[in-house]
Amino acid sequence: AQSVTQPDIHITVSEGASLELRCNYSYGATPYLFWYVQSPGQGLQLLLKYFSGDTLVQGIKGFEAEFKRSQSSFNLRKPSVHWSDAAEYFCAVEDYGGSQGNLIFGKGTKLSVKP
Amino acid sequence: DGGITQSPKYLFRKEGQNVTLSCEQNLNHDAMYWYRQDPGQGLRLIYYSQIVNDFQKGDIAEGYSVSREKKESFPLTVTSAQKNPTAFYLCASSINQGLALEQFFGPGTRLTVL
(Lines give C-alpha, C1' and ligand atoms only; values in the text may rest on other atoms or scores of the structure.)
Protein backbone atom coordinates (compact mmCIF):
# COMPACT_ATOMS: atom_id res chain seq x y z
CA ALA A 1 0.00 0.00 0.00
CA GLN A 2 1.06 3.54 -0.58
CA SER A 3 2.38 5.54 2.32
CA VAL A 4 3.74 8.95 3.17
CA THR A 5 6.41 9.46 5.80
CA GLN A 6 7.28 12.69 7.48
CA PRO A 7 10.30 11.76 9.59
CA ASP A 8 10.30 14.86 11.77
CA ILE A 9 7.47 15.18 14.28
CA HIS A 10 8.54 18.59 15.57
CA ILE A 11 11.07 21.12 14.27
CA THR A 12 12.12 24.41 15.83
CA VAL A 13 13.86 27.10 13.80
CA SER A 14 14.80 30.67 14.50
CA GLU A 15 12.97 33.45 12.73
CA GLY A 16 14.86 34.35 9.57
CA ALA A 17 16.51 30.95 9.30
CA SER A 18 15.93 28.60 6.41
CA LEU A 19 13.57 25.67 6.67
CA GLU A 20 13.34 22.23 5.12
CA LEU A 21 10.58 19.76 5.99
CA ARG A 22 11.04 16.23 4.77
CA CYS A 23 8.52 14.02 3.04
CA ASN A 24 9.06 10.55 1.58
CA TYR A 25 6.49 8.52 -0.28
CA SER A 26 6.20 4.95 -1.43
CA TYR A 27 4.92 4.50 -4.95
CA GLY A 28 6.52 3.05 -8.07
CA ALA A 29 5.58 5.67 -10.60
CA THR A 30 5.44 9.44 -10.36
CA PRO A 31 2.74 10.36 -7.89
CA TYR A 32 0.74 13.51 -7.47
CA LEU A 33 2.05 15.24 -4.34
CA PHE A 34 0.74 17.98 -2.11
CA TRP A 35 1.82 20.05 0.89
CA TYR A 36 -0.81 21.49 3.22
CA VAL A 37 -0.48 23.76 6.26
CA GLN A 38 -2.71 23.80 9.32
CA SER A 39 -2.82 26.52 11.96
CA PRO A 40 -3.94 25.40 15.43
CA GLY A 41 -7.63 24.53 15.54
CA GLN A 42 -8.12 25.31 11.86
CA GLY A 43 -8.61 23.49 8.61
CA LEU A 44 -5.90 22.73 6.08
CA GLN A 45 -4.71 25.11 3.39
CA LEU A 46 -2.92 23.99 0.24
CA LEU A 47 0.62 25.35 -0.05
CA LEU A 48 1.63 23.72 -3.32
CA LYS A 49 1.22 20.64 -5.50
CA TYR A 50 3.26 18.63 -7.96
CA PHE A 51 1.78 16.78 -10.91
CA SER A 52 4.51 16.62 -13.53
CA GLY A 53 7.11 18.72 -15.31
CA ASP A 54 9.51 20.99 -13.48
CA THR A 55 10.56 19.25 -10.30
CA LEU A 56 10.82 22.50 -8.36
CA VAL A 57 7.38 23.77 -7.49
CA GLN A 58 6.58 27.22 -6.15
CA GLY A 59 3.74 27.72 -3.73
CA ILE A 60 2.08 30.36 -1.62
CA LYS A 61 3.66 32.21 1.30
CA GLY A 62 7.16 31.88 -0.17
CA PHE A 63 7.30 28.08 0.06
CA GLU A 64 8.75 25.77 -2.56
CA ALA A 65 9.17 22.02 -2.82
CA GLU A 66 11.40 19.80 -4.89
CA PHE A 67 10.40 16.41 -6.25
CA LYS A 68 13.28 13.93 -6.35
CA ARG A 69 12.30 10.66 -7.95
CA SER A 70 15.57 8.93 -7.06
CA GLN A 71 14.99 9.61 -3.37
CA SER A 72 11.17 9.29 -3.41
CA SER A 73 11.08 12.65 -1.70
CA PHE A 74 9.12 15.86 -1.90
CA ASN A 75 10.71 18.19 0.64
CA LEU A 76 9.26 21.57 1.49
CA ARG A 77 11.58 24.57 1.80
CA LYS A 78 11.51 28.21 2.71
CA PRO A 79 14.58 30.48 2.63
CA SER A 80 13.61 32.68 5.56
CA VAL A 81 11.02 31.66 8.14
CA HIS A 82 8.59 34.16 9.66
CA TRP A 83 6.96 33.79 13.06
CA SER A 84 3.60 33.40 11.29
CA ASP A 85 4.85 30.18 9.67
CA ALA A 86 4.49 28.35 12.98
CA ALA A 87 1.94 25.65 12.21
CA GLU A 88 1.65 21.98 11.35
CA TYR A 89 2.59 20.85 7.86
CA PHE A 90 1.22 17.81 6.09
CA CYS A 91 2.53 16.07 3.01
CA ALA A 92 0.00 14.08 0.98
CA VAL A 93 0.04 11.78 -2.03
CA GLU A 94 -2.73 10.73 -4.39
CA ASP A 95 -4.06 7.30 -3.50
CA TYR A 96 -3.54 5.07 -6.52
CA GLY A 97 -3.96 1.81 -4.70
CA GLY A 98 -7.38 2.68 -3.38
CA SER A 99 -9.80 5.12 -4.91
CA GLN A 100 -8.42 7.64 -7.35
CA GLY A 101 -8.77 11.17 -6.17
CA ASN A 102 -8.36 10.33 -2.52
CA LEU A 103 -5.33 11.56 -0.64
CA ILE A 104 -3.05 9.75 1.80
CA PHE A 105 -1.61 12.09 4.42
CA GLY A 106 1.57 11.91 6.40
CA LYS A 107 1.37 12.33 10.16
CA GLY A 108 2.55 15.92 10.00
CA THR A 109 5.48 18.02 11.16
CA LYS A 110 4.87 20.70 13.73
CA LEU A 111 6.97 23.82 13.16
CA SER A 112 7.85 26.15 16.01
CA VAL A 113 9.59 29.47 15.34
CA LYS A 114 11.91 31.07 17.87
CA PRO A 115 12.11 34.87 17.97
CA ASP B 1 -17.19 34.16 -0.75
CA GLY B 2 -17.15 30.50 -1.67
CA GLY B 3 -16.01 28.00 0.85
CA ILE B 4 -16.77 25.17 3.22
CA THR B 5 -18.50 25.69 6.53
CA GLN B 6 -18.62 23.23 9.40
CA SER B 7 -20.78 23.49 12.45
CA PRO B 8 -20.60 23.50 15.32
CA LYS B 9 -16.99 24.40 16.00
CA TYR B 10 -17.09 22.59 19.34
CA LEU B 11 -19.40 19.72 20.23
CA PHE B 12 -19.78 17.80 23.44
CA ARG B 13 -21.47 14.44 23.63
CA LYS B 14 -22.36 12.06 26.38
CA GLU B 15 -21.44 8.44 25.93
CA GLY B 16 -24.14 6.50 24.15
CA GLN B 17 -25.47 9.47 22.17
CA ASN B 18 -25.40 9.94 18.44
CA VAL B 19 -24.30 13.35 17.15
CA THR B 20 -24.35 14.88 13.69
CA LEU B 21 -21.68 17.19 12.33
CA SER B 22 -22.65 19.57 9.58
CA CYS B 23 -20.64 20.28 6.43
CA GLU B 24 -21.84 22.67 3.73
CA GLN B 25 -20.02 23.92 0.64
CA ASN B 26 -20.97 26.54 -1.92
CA LEU B 27 -18.09 25.79 -4.29
CA ASN B 28 -20.27 23.66 -6.56
CA HIS B 29 -17.92 20.73 -5.96
CA ASP B 30 -19.07 17.22 -6.74
CA ALA B 31 -16.82 15.34 -4.31
CA MET B 32 -16.86 15.66 -0.54
CA TYR B 33 -14.85 13.97 2.18
CA TRP B 34 -14.79 13.48 5.95
CA TYR B 35 -11.52 13.05 7.84
CA ARG B 36 -10.71 12.37 11.44
CA GLN B 37 -7.60 13.95 12.95
CA ASP B 38 -5.95 12.78 16.16
CA PRO B 39 -2.73 14.24 17.57
CA GLY B 40 0.29 12.78 15.83
CA GLN B 41 -1.86 10.66 13.48
CA GLY B 42 -2.37 12.89 10.49
CA LEU B 43 -5.71 12.72 8.69
CA ARG B 44 -7.63 9.50 8.24
CA LEU B 45 -10.46 9.17 5.75
CA ILE B 46 -13.86 8.25 7.17
CA TYR B 47 -16.24 8.54 4.20
CA TYR B 48 -16.28 10.17 0.82
CA SER B 49 -18.88 10.97 -1.80
CA GLN B 50 -18.33 11.52 -5.50
CA ILE B 51 -21.87 12.48 -6.34
CA VAL B 52 -25.25 13.10 -4.80
CA ASN B 53 -26.91 10.02 -3.31
CA ASP B 54 -23.70 8.02 -3.44
CA PHE B 55 -20.90 7.57 -0.89
CA GLN B 56 -18.17 5.09 -0.01
CA LYS B 57 -16.43 4.00 3.15
CA GLY B 58 -12.94 5.21 3.81
CA ASP B 59 -10.31 3.66 6.04
CA ILE B 60 -12.08 4.12 9.37
CA ALA B 61 -15.82 4.11 8.64
CA GLU B 62 -16.88 1.90 11.55
CA GLY B 63 -19.11 3.78 13.97
CA TYR B 64 -19.87 6.57 11.50
CA SER B 65 -22.60 7.21 8.94
CA VAL B 66 -23.17 9.84 6.26
CA SER B 67 -25.74 11.01 3.76
CA ARG B 68 -25.49 13.01 0.55
CA GLU B 69 -28.98 14.17 -0.35
CA LYS B 70 -27.83 17.50 -1.71
CA LYS B 71 -24.71 18.46 -3.63
CA GLU B 72 -23.75 21.13 -1.11
CA SER B 73 -24.26 19.11 2.07
CA PHE B 74 -22.49 16.07 3.52
CA PRO B 75 -23.39 15.56 7.20
CA LEU B 76 -21.52 13.05 9.34
CA THR B 77 -23.17 11.17 12.19
CA VAL B 78 -20.98 9.80 14.92
CA THR B 79 -22.89 6.90 16.40
CA SER B 80 -22.70 5.30 19.81
CA ALA B 81 -20.88 2.41 18.13
CA GLN B 82 -17.80 4.57 17.67
CA LYS B 83 -15.63 3.55 20.60
CA ASN B 84 -13.35 6.55 20.75
CA PRO B 85 -15.05 9.48 19.06
CA THR B 86 -13.16 12.33 20.72
CA ALA B 87 -11.23 13.95 17.86
CA PHE B 88 -11.04 16.83 15.43
CA TYR B 89 -13.20 16.26 12.34
CA LEU B 90 -12.47 17.88 9.01
CA CYS B 91 -14.68 18.10 5.97
CA ALA B 92 -13.24 18.70 2.50
CA SER B 93 -14.42 18.99 -1.07
CA SER B 94 -12.94 18.87 -4.55
CA ILE B 95 -14.32 19.70 -7.97
CA ASN B 96 -14.74 16.02 -8.65
CA GLN B 97 -12.96 12.87 -7.67
CA GLY B 98 -10.52 12.92 -10.50
CA LEU B 99 -6.80 12.62 -10.44
CA ALA B 100 -4.60 15.31 -9.04
CA LEU B 101 -7.35 17.59 -7.85
CA GLU B 102 -6.75 19.50 -4.69
CA GLN B 103 -9.10 19.27 -1.77
CA PHE B 104 -10.43 22.33 0.01
CA PHE B 105 -10.96 22.04 3.74
CA GLY B 106 -13.44 23.44 6.21
CA PRO B 107 -12.41 24.85 9.61
CA GLY B 108 -13.21 21.64 11.50
CA THR B 109 -15.36 20.50 14.40
CA ARG B 110 -13.83 19.37 17.68
CA LEU B 111 -15.90 16.61 19.26
CA THR B 112 -15.43 15.73 22.90
CA VAL B 113 -17.14 12.82 24.60
CA LEU B 114 -17.86 13.47 28.25
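Below, chain A is the first sequence line, B the second, and so on; all start at residue 1. Since we're looking at a predicted model, the values are computed, not measured.
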Heavy-atom closest pair, residues A:Q38 and B:F88: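 That closest heavy-atom pairing would be NE2-CE2, 3.6 Å.
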If I measure from the heavy atoms of chain B, does A:L44 come under 4.5 Å with its side chain, its backbone, both, or neither?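 For A:L44, backbone and side chain are both near chain B.
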Proximity breakdown for A:Y50 and chain B, heavy-atom pairs closer than 4.5 Å: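 For A:Y50, neither part sits under 4.5 Å from chain B.
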With a 4.5 angstrom heavy-atom cut-off, could you sort out which part of B:L43 is near chain A: side chain, backbone, both or neither?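 The answer is both parts of B:L43.
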What part of B:Q37 lies closer than 4.5 angstrom to a heavy atom of chain A: side chain, backbone, both or neither?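 For B:Q37, side-chain heavy atoms alone lie under 4.5 Å from chain A.
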Crowded around B:K71 NZ? As in, over 12 foreign heavy atoms under 6.0 Å?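 Count over threshold, so yes.
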Does B:E62 have more than 12 heavy atoms from other residues, nucleotides or ligands lying within 6.0 Å of its CD?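 Result for CD/B:E62: open.
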Kindly work out whether a path of hydrophobic side-chain contacts (I/L/V/M/F/W/Y, heavy atoms less than 4.5 Å apart) joins [X] to [Y].
X: A:Y36; Y: B:L45; answer: yes
X: A:F90; Y: B:L90; answer: yes
X: B:Y47; Y: B:L111; answer: yes
X: A:L76; Y: A:F67; answer: yes
X: B:F74; Y: B:L76; answer: yes

Straight-line distance of A:Y32 OH to B:E102 CD, nearest 0.5 Å: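 One finds 14.5 Å between OH of A:Y32 and CD of B:E102.
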Rounded to the nearest 0.5 Å, what separation is found between the CZ atom of A:F105 and the OH atom of B:Y35?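 One finds 4.5 Å between CZ of A:F105 and OH of B:Y35.
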Most heavy-atom pairs under 4.5 angstrom with chain B, which of A:Q45, A:E88, A:Q42?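 Among the listed options, the one with the most contacts to chain B is A:Q42.
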Among the options A:A92, A:G41, A:G108, pick out the one with the most heavy-atom pairs lying under 4.5 Å from chain B.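 Option with the greatest count: A:G41.
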For the pair B:Y33 (side chain) and A:N102 (backbone), establish whether a donor and an acceptor sit closer than 3.5 Å, ignoring hydrogens and angles.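 No, because the side chain of B:Y33 does not come within donor-acceptor range (under 3.5 Å) of the backbone of A:N102.
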